[in-house]
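One-based numbering along the sequence shown. Every number for a ligand or one of its atoms is a count from 1 in the order of the listing. All heavy atoms count here, side chains included; hydrogens, waters and symmetry mates do not. Note that the structure is a prediction, hence the values are computed from the model and not measured.
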Amino acid sequence: MGRIFGYLLQLVFVFILLRFLWQLLRRLIGGVRRAQQARGRPSSPPFSAASEKTFRDPVCGMFVSLELSHKLKSGPETLHFCSHECREKYQAQRVH
Ligand SMILES: [Zn+2]
């Protein structure tokens, strides 16, 4: 009798475990679908409030807009700095 009870308990445990795994899998698939939908929509940029293009100052980490940034050509890409000082600092670092 005790063995049958143990077997049933095991069965219930496996059932609960499978249900849990199934829900986890469904949530994962749903999350991926949502992410793909968000990426597919061109009208929703990752930074919702910022409509203009911003660049990260590599020296101080500040975000600067394209119009206000101090630009520096570095190979194929253009770097953007918040101030003249930051640009100078970056250029000094590159020389050393
Ligand atoms: Zn800066």
Closest heavy-atom pair, Glu67 versus Lys71, reported as atoms and distance to 0.1 Å, is O-NZ, 4.4 Å

Are the side chains of Leu79 and Arg87 in contact, using a 4.5 Å heavy-atom criterion? no

For residues 13-24, dump all side-chain donor-acceptor pairs below 3.5 Å to protein atoms at least two apart in sequence or in another chain.
none

Spatial distance of atom NZ (Lys53) from atom CG (Leu66) [nearest 0.5 Å]: 7.5 Å

Identify all side-chain donor-acceptor contacts of residues 56-65 below 3.5 Å with residues at least two apart in sequence or on another chain.
from: Asp57; atom 1: OD1; to: Val59; atom 2: N; distance (Å): 2.8
from: Asp57; atom 1: OD1; to: Cys60; atom 2: N; distance (Å): 3.4
from: Asp57; atom 1: OD2; to: Cys82; atom 2: N; distance (Å): 2.9

Enumerate the residue pairs fulfilling ring-ring contact (aromatic ring centres under 6.0 Å, His included) with a member in residues 65-86, sequence neighbours excluded, ordered by first and then second residue. Phe55-His80, Phe81-Tyr90

What are the protein N/O/S atoms, named by residue and atom, that sit under 2.8 Å from the Zn ion (ligand 1)? Asp57 OD2, Cys60 SG, Cys82 SG, Cys86 SG

